[in-house]
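Working notes, beginning with the structure itself.
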Protein chains: 2
Amino acid sequence: MNNSASPRTTASRGRIRRENEARILEAAERVFAETGLAGATMSQIAQAAGLPKANLHYYFGTKEQLYQAVLTAILELWLDATDAMLPESDPALALAGYVRAKMRHSRTRPFASRVFANELLSGAPYLTDYLEIDLKQRVEAKSRIIAGWISEGRMAALDPRHLFFMIWAMTQTYADFAVQIRAVMNVESLDDDAWEEATGEVISFVLRGCGITPAASAP
Amino acid sequence: MNNSASPRTTASRGRIRRENEARILEAAERVFAETGLAGATMSQIAQAAGLPKANLHYYFGTKEQLYQAVLTAILELWLDATDAMLPESDPALALAGYVRAKMRHSRTRPFASRVFANELLSGAPYLTDYLEIDLKQRVEAKSRIIAGWISEGRMAALDPRHLFFMIWAMTQTYADFAVQIRAVMNVESLDDDAWEEATGEVISFVLRGCGITPAASAP
DNA sequence: AAACAAGTTGACCAAGCGGTCAATTTCTTT
DNA sequence: AAAGAAATTGACCGCTTGGTCAACTTGTTT
């Protein structure tokens, strides 16, 4: 339509807003990750973002609204991982892929994971709808698929819901409790190899735990 | 010596102090569990303990000192569970017992678990010594035992340290992220049966994950 | 019952909090 | 280049915070 007439115009309208909002959201995620909503202060976030405090209020209103914006962004990220689990999938490949995706999240977005953990620890006051509607239905849907695999004898009999709890716990622990892992492993940070090894350990453990012999890795 | 002369005396000296400190510690654990050190307020804790705020300061000094007292009490509790894992133990029984003890902790002391989780999420500023010295050495000691079991062919080959990370994660998730579990399971709280079932699921999963056939349950 | 220690608590304080606002600068549009 | 919209920010405000204290009550010892 008019994008050839004014390419700079439509691209630049709200450009500053978008950039600053992203910048603030990123800083807020880091700060909320450490101390949660109640513990974080707007000054901390402002300093982390390199902007005056009044600027955050200009873009996001209140601390609660900024927090909700952070949570919303995280949920959008969260909801993508499960979707490779289909009835006709090979359980080994599907589960391994799911664990691998979750481990990648823990590595690439550890702050998101920690914000989520903080929110759950404080009773999830801003996530009740997500937990009771969205997450619950997704788990039920995926649980039916896993129940199908079980009844076909393709994996051990277990409660799929608990399997999800355990997989979430095992994968997110590498983001949420990274200090503990670094201390025990005696390293300053986990490098590529350490992450690949951790991912492998979790995948093997999960597959064996599901009664799947972790042989099929070749196409 | 003089304990028969004044039985009430020695028993009652500091009795009030002990009772009030315990009462405050219990309330503080609950409040710190929800929002961590930075998020909790002394007024909240005072209200939870049913005492005036000035009273908490009389017994514990500052908020940080109260927090450290809470952490110390938790660590004493924490450090007991591992000690049933000996080289000559049956791996199946030892691991099952360890998981069961951890699950019992999650049920009976969920607030302790959450205080710990909050502390780790904020980078464990008050636990670096514990993590880097105490915990690290315990893990190394127990890892040697597990490595022994592996080399004897009594369980699958895996990195014992990652096994610990996974077991801690799986068991503590039932305390730390209980909201999520209640939402997905669609219950207001987990009853005896639900906890027994969850414990069973985790134990079976861990044993299979370790390559142990979960047959031996009879004495 | 006298004397002292231990415990209680309302009132108070400086500091930091979330949030507002008006004055100003910078962008964008025409 | 004019004009209006968007963005910036130091100064400020009422309120809550962690913490103190002095006056007081309760418990313990002799």
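All values derive from a computational prediction rather than experimental measurement. Numbered from 1 within each chain, the chains take letters A, B, ... in sequence-line order.
Protein atom CZ of A/Phe60 is 16 Å distant from nucleotide atom P of C/dG18, rounded to whole Å. Between the C1' atom of D/dT8 and the CG atom of A/Leu56 lies a distance of 12 Å, rounded to the nearest Å. When the P atom of D/dT17 is taken as reference, atom CD of B/Gln47 falls 11 Å away, rounded to whole Å. In this structure, the CZ atom of B/Arg17 is 13 Å from the C1' atom of C/dT8, given to the nearest Å. When rounded to the nearest whole Å, the span between CD of A/Glu19 and C1' of C/dT26 equals 14 Å. Atom CG of A/Asn20 and atom P of C/dT25 are 19 Å apart (whole Å). Atom CD1 of A/Ile24 is separated from atom C1' of D/dT9 by 13 Å (rounded to the nearest Å). Rounded to whole Å, the distance from NE2 on B/His57 to C1' on C/dA11 is 14 Å.
Under the 30°/60° scheme for interplanar angles, the aromatic rings of A/His162 and A/Phe165 are found to stand perpendicular. The aromatic rings of A/Tyr67 and A/Phe32 stand perpendicular to each other, their planes meeting at an angle above 60°, with 30° marking the opposite boundary.
Considering only side-chain N and O atoms, B/Arg15 lies nowhere under 4.0 angstrom from the phosphate OP1 or OP2 of D/dG27.
Listed nucleotides: D/dG10, C/dG18, C/dT9. Nearest to the side chain of A/Met42: C/dG18. Taking the side chain of A/Tyr58 as heavy atoms from C-beta on, and the options C/dT8, C/dT20, D/dT8, the nearest nucleotide is D/dT8. Each of D/dG27, D/dT17, D/dA7 was ranked by its minimum atom distance to the side chain of B/Ser43; first place goes to D/dT17. Nearest to the side-chain atoms of B/Pro52 among the listed nucleotides D/dG19, C/dT9, C/dG7 stands C/dT9. The listed nucleotides are C/dG7, D/dT8, D/dG10; the one nearest the side chain of A/Tyr59 is D/dT8. Here the side chain of B/Thr62 is nearest to one of C/dG10, D/dA7, D/dG19, namely D/dG19. Looking at the side chain of B/Asn55, the nearest of the listed nucleotides C/dT9, D/dA6, C/dG18 is C/dT9. Listed nucleotides: C/dT8, C/dG18, D/dG19. Nearest to the side chain of B/Ile16: C/dT8.
Within the structure, salt bridge (Lys or Arg N to Asp or Glu O under 4.0 Å) contacts touching residues 40-64 of chain B (residues at least two apart or in different chains) do not occur.
Counted by atom type alone, B/Tyr174 and B/His105 present zero donor-acceptor pairs between their side chains at under 3.5 Å.
Contact detail for B/Val70 and B/Ala28: the closest heavy-atom pair is CG2-CB, 3.8 Å.
Positionally, the nearest nucleotide of DNA chain C for A/Leu37 lies more toward the 5' end than for the other of A/Leu37 and A/Ala54.
Using a 4.0 Å heavy-atom criterion, one finds that A/Ala46 contacts no nucleic acid atom at all. At the heavy-atom level, A/Ala40 lies under 4.0 Å from the strands shown only through sugar-phosphate atoms.
A side-chain hydrogen bond (donor to acceptor under 3.5 Å, both in side chains) with B/Glu21 holds for exactly one of B/Arg18, B/Arg17, B/Arg23; it is B/Arg17.
Evaluation of atom-type donor-acceptor distances gives no pair under 3.5 Å for the side chain of A/Lys63 against the base of C/dG19.
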